[in-house]
Amino acid sequence: MRLRVEFTTEPFDLDEAPAHALAARRVIEAAALDAVDVGPFGNTAEGGTDAVLSAVDDLLRKALEAGATRVSLQVNVLAEDAE
């Protein structure tokens, strides 16, 4: 099964990426995921079930440790033909 995770971390800072956003980005970029897209207002990544769930666990831990006060995320199961 393939999954897509979409997430944001808060609080926002429009002038400079906060430490929690950078920590989340490092986790996603280092994970065994594909179709990674990071941006100032939202981030997405796709991959196999184990890779996405493992990355989400690490993402939550690292972002919260780095000062995030909220992490919003959504995980979707992708249709088989989305591969």
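Along the sequence shown, the residues carry numbers beginning at 1. Just so it is clear, the model here is predicted, and its values are computed rather than measured.
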Inter-residue atom distance [X].[atom1] - [Y].[atom2], 0.5 Å rounding:
X     : Y     : atom1 : atom2 : result
His20 : Thr69 : NE2   : OG1   : 6.5 Å
Leu53 : Leu59 : CG    : CG    : 12.0 Å
Leu33 : Thr44 : CG    : OG1   : 10.5 Å
Glu6  : Gln74 : CD    : CD    : 5.0 Å

Check whether any side-chain heavy atom of [X] sits under 4.5 Å from a side-chain heavy atom of [Y], and report yes or no.
X     : Y     : result
Val27 : Arg25 : no
Met1  : Leu78 : no
Arg70 : Thr9  : no
Val56 : Leu73 : yes
Ser72 : Glu10 : yes

### Message
I'd like to know if Arg2 and Asp34 make a salt bridge, using a cut-off of under 4.0 Å between side-chain N and carboxylate O.
### Response
yes
Minimal non-hydrogen separation, [X] against [Y], with atom names:
X     : Y     : answer
Pro11 : Gly67 : CD-O, 4.1 Å
Ile28 : Ala45 : CG2-CB, 3.9 Å
Ala55 : Ala31 : CB-CB, 3.9 Å

### Query
Taking only residues two or more places apart in sequence or in another chain, which ones pass side chain to side chain donor-acceptor pair (under 3.5 Å) with Asn43?
none
### Single-linkage hydrophobic cluster Leu60~Leu22, side-chain heavy atoms < 4.5 angstrom
no
### Query
Taking a hydrophobic cluster as the set of Ile, Leu, Val, Met, Phe, Trp and Tyr residues connected by side-chain heavy atoms closer than 4.5 Å, whether directly or through intermediates, do Leu64 and Phe12 fall within one such cluster?
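As far as the 4.5 Å side-chain criterion goes, Phe12 and Leu64 are not connected within one cluster.
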### Query
Considering residues, nucleotides and ligands other than Asp50, do more than 12 of their heavy atoms fall under 6.0 Å from its CG?
no
### Task
Walk me through it: do Leu3 and Val77 pass the test side-chain contact (heavy atoms from CB on, under 4.5 Å)?
CA-CA 5 Å; Leu3 302 175; Val77 175; 3.7 Å; yes
### Main-chain N/O of Asp15 paired with Asp13 side-chain donor or acceptor, under 3.5 Å
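Such a contact is found between Asp13 side chain and Asp15 backbone.
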